[in-house]
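Remarks on the structure that follows.
Since the model is a prediction, treat every value here as computed from it, not as a measurement. Just follow the structure's listing: the first ligand is 1, and inside any ligand the first atom is 1. Numbers here are sequence positions counted from 1.
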Amino acid sequence: MISLRERLNHSTLTERISAIERLAAIRTLCNSRQVISAQLSRIELRFTDAAGHRHTVTLDALSGERESSAVRDGITLSARLEQAHEGTIVRAGIANRGAHTVRLTSAIFEIATGFAPSARARFFKHGYQSWTNSLGYEVGASREHRRDKAHFVTRVNHQSEPTRPPEFPEAQTSELFTIVESGSPSACVLAGFIGAKSSLTALTVSSPDKIVARAILDDVTLASGAHRDLDPLLIAASGESPARMAARWAEAAGHWMNARVNAPFQRGWCSWYHYFHAITEDALRSNIKALEAMRSEFPLDVVQLDDGFQSALGDWDTTNAKFPSSLKKIAGEIRAAGFKAGIWTAPFLACRDSRIMTEHPDWFIVHEETGEPVRAGHNPNWTASDDKFAYALDPSNPGFRAHLHRLFEKLTGDFGYSYLKLDFLYAAAAPGRRHDQNITRGENLRRGLETIRAGAGEDAFILGCGCPIGQAIGIVDGMRIGPDVSPAWGADATRAADPSTVYALDAIIARSFMHRRLWLNDPDCLMLRLRKTRLTPDERAALAATIAGSGGMLLISDDMALLDAESGKFFREAAQIAEKIDSYAVREPILALDLMTTGDVRGMITQTKVGAIAILLNRGDSPARVQVPDLKLPAGEITALDLASDERSEIFDKIDLPPHSARILRVKR
Ligand code: 9PG
């Protein structure tokens, strides 16, 4: 067994750190940080044989960098440990040296955190896909989750396993990575898969002393003589903040997965949050004209048409009656006005009345027992059929893959769209029988995404949305990291993934560390209008400040006829801050002030050359007073900007925040 006392063991601090930095590092270690070590205690592989009998093979004597292995019924489980990213990386693999094909259920990694079973601890429950919320929870507080009794479509949407095995309840399960924090001063243990090429993964924290990480192998076949590498798992312990640990995970995952992090800062316009499904060609055209005329007030690069143009859900190259022109002509008009043309698709979903579903019923993921296509979405606005469900397409089917490749070649090369918003991507990872039984659900999604990238070409800007977080790393340039915003604050939304500005703000802060580590974060759109919206000026400013503070993509979503010189000034101020923060994010991650908090006041901070910029948000319904020392900002002079009033004030000991408002704090050393 290997102990991860890396922060305390000076000899494992890498040579890359200069002598001066090393001294500084040692000083923080002595600075009353809690001593914590975490270790991998065992790996268990579960599989079934041809007769359906269950077997396990277990590995519990892991040592150093030497490979260890165990064999059972011809199935070999092997693993080795590597020191990297200030932690230990577990590299495990499975080989079938027997005579018969087996089916793999899961690989389970047990990690001893070093915390006492009776300790008070919190864990970070990271969400499955773009819209799923991510939050700190008390360990052991509950075995029940509000989604346990939700509709299948909701669970397939938001969980790597729509039905969790009883030993891994949803309430105690995080996706892809988790952080357990305990003690005072606190220490953190991080466990997270830094790859997502082999399978979906999840981590369960049922008690503070243990994290159970799993590779979900979906009964995939492993033929005689075949081998499968599992995704690498990073384990690390330290006295750093949970947000910094999360950033460390993102750094490692981005590195392992060759993340695309170099796209330029994106500014654009999107049709969705004003027009929704009612968008028409005429409305789009008048906005293109207005955007062209108001270019100096609203300096934008991309004009992106969202949901509502397609002839049917699933048929992305033809339009409905609201769009009498072809998609090619529309892209031409956007480009002639001086913008990049962007378009929305949901490439892994189709409704009953689509050409793709009527002509290719064999391209879908189907129920094991009934052979019926699997439901993965539901929307009355998507179809004229009585059946309002949308079904999951199967990228493991070579016929569908060839279609996807041609489709995206056409949208980019032939039609001229160079910005692609790909939505509802979780559908390709829906459970059910796939054409190719050799690939997991995670691989199926990744294969679909790879096919789209190959068709669209390297130069297209691809934005993932509704997408499981791991599988898209290295393929997409941008990723929606939260639920939809809405022209209403939306604290009354019944589910955290329902469109609602306040839940979007929570996600922007919680996942800020991913920006320029995994891709460009898309915090979702800014709505600038002050009419035809239920957002108040304070709420609009809170949305703008949080989007800007995330350094992420900046798209506005308004009928441009509702905007004026005043809203242009507001936009340019937010854009300037966003771009500045983005430029700093290349070096230092943007971190939540308290990743684990469930309180009304939340925020994030970016290190700058002269100090820091922090965003402070009061998401609650009553006024909040924040004591400045509690924020643990770097020392320096602080000014607060309220975007709603465009007023700056000097801050000393406290900051007062009205309900649903935000302040941008600049700290100058
Ligand atoms: C278009 C929209 C916009 C938006 C996307 C996505 O759970 N739901 O029912 C649900 C519906 C729509 C939705 C998210 C969730 O929004 O995020 O930006 O493109 O689709 O239909």
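- Residue-level proximity to ligand 1 for Cys270 is absent, since no heavy atom of it falls below 4.0 angstrom.
- Residue contact check: Asp306 has heavy atoms under 4.0 Å from atoms 1 (C), 3 (C), 19 (O) of ligand 1.
- Note on ligand 1: Phe276 sits outside its first shell, no heavy atom being nearer than 4.0 Å.
- Annotation: Asp524 places no N or O atom under 3.5 Å from an N or O atom of ligand 1; distance criterion only.
- In terms of polar-atom proximity, Lys421 is counted as a contact of ligand 1, with an N or O under 3.5 Å from an N or O of the ligand.
- Lys388 pairs by the side-chain hydrogen bond (donor to acceptor under 3.5 Å, both in side chains) definition with nothing, not counting sequence neighbours.
- For a threshold of 3.5 Å applied to N or O pairs, the pair formed by Asp423 and ligand 1 contains at least one separation below that value.
- Atoms of ligand 1 lying under 4.0 Å from at least one heavy atom of Asp307, given by number and element, are 1 (C), 21 (O).
- With sequence neighbours left out, the side-chain hydrogen bond (donor to acceptor under 3.5 Å, both in side chains) criterion links Asp387 to Arg352, Tyr391.
- Side chain of Asn444 to backbone of Ser396: a donor-acceptor contact under 3.5 angstrom is found.
- Within the 4.0 Å heavy-atom cutoff, His378 does not count among the residues contacting ligand 1.
- No N or O atom of His277 sits closer than 3.5 Å to an N or O atom of ligand 1.
- Near Arg480, meaning under 4.0 Å from one of its heavy atoms, ligand 1 places the atoms 17 (O), 18 (O).
- For the pair Glu281/Pro324, a side-chain contact is recorded, criterion being any heavy-atom separation below 4.5 Å from C-beta on.
- Taking 4.5 Å as the limit, every side-chain heavy atom of Arg480 sits out of range of all side-chain heavy atoms of Pro523.
- Using a 30° and 60° split on the angle between ring planes, Trp249 and His126 fall in the tilted class, from 30° to 60°.
- In terms of polar-atom proximity, defined here as any N/O pair under 3.5 Å, Asn157 makes no such contact with ligand 1.
- The N/O atoms of Trp272, backbone and side chain alike, include none that comes under 3.5 Å of an N/O atom in ligand 1.
- Of all atoms in ligand 1, listed by their number and element, those nearer than 4.0 Å to a heavy atom of Tyr273 are 4 (C), 18 (O).
- Asp564 places a side-chain N or O within 3.5 Å of a backbone atom of Ser567 that can act as its donor or acceptor partner.
- Classification of Glu579 and Arg267 as a salt-bridged pair holds, one side-chain N sitting under 4.0 Å from a carboxylate O.
- The CG atom of Leu300 lies 7.5 Å from the CZ atom of Arg295; values are rounded to the nearest 0.5 Å.
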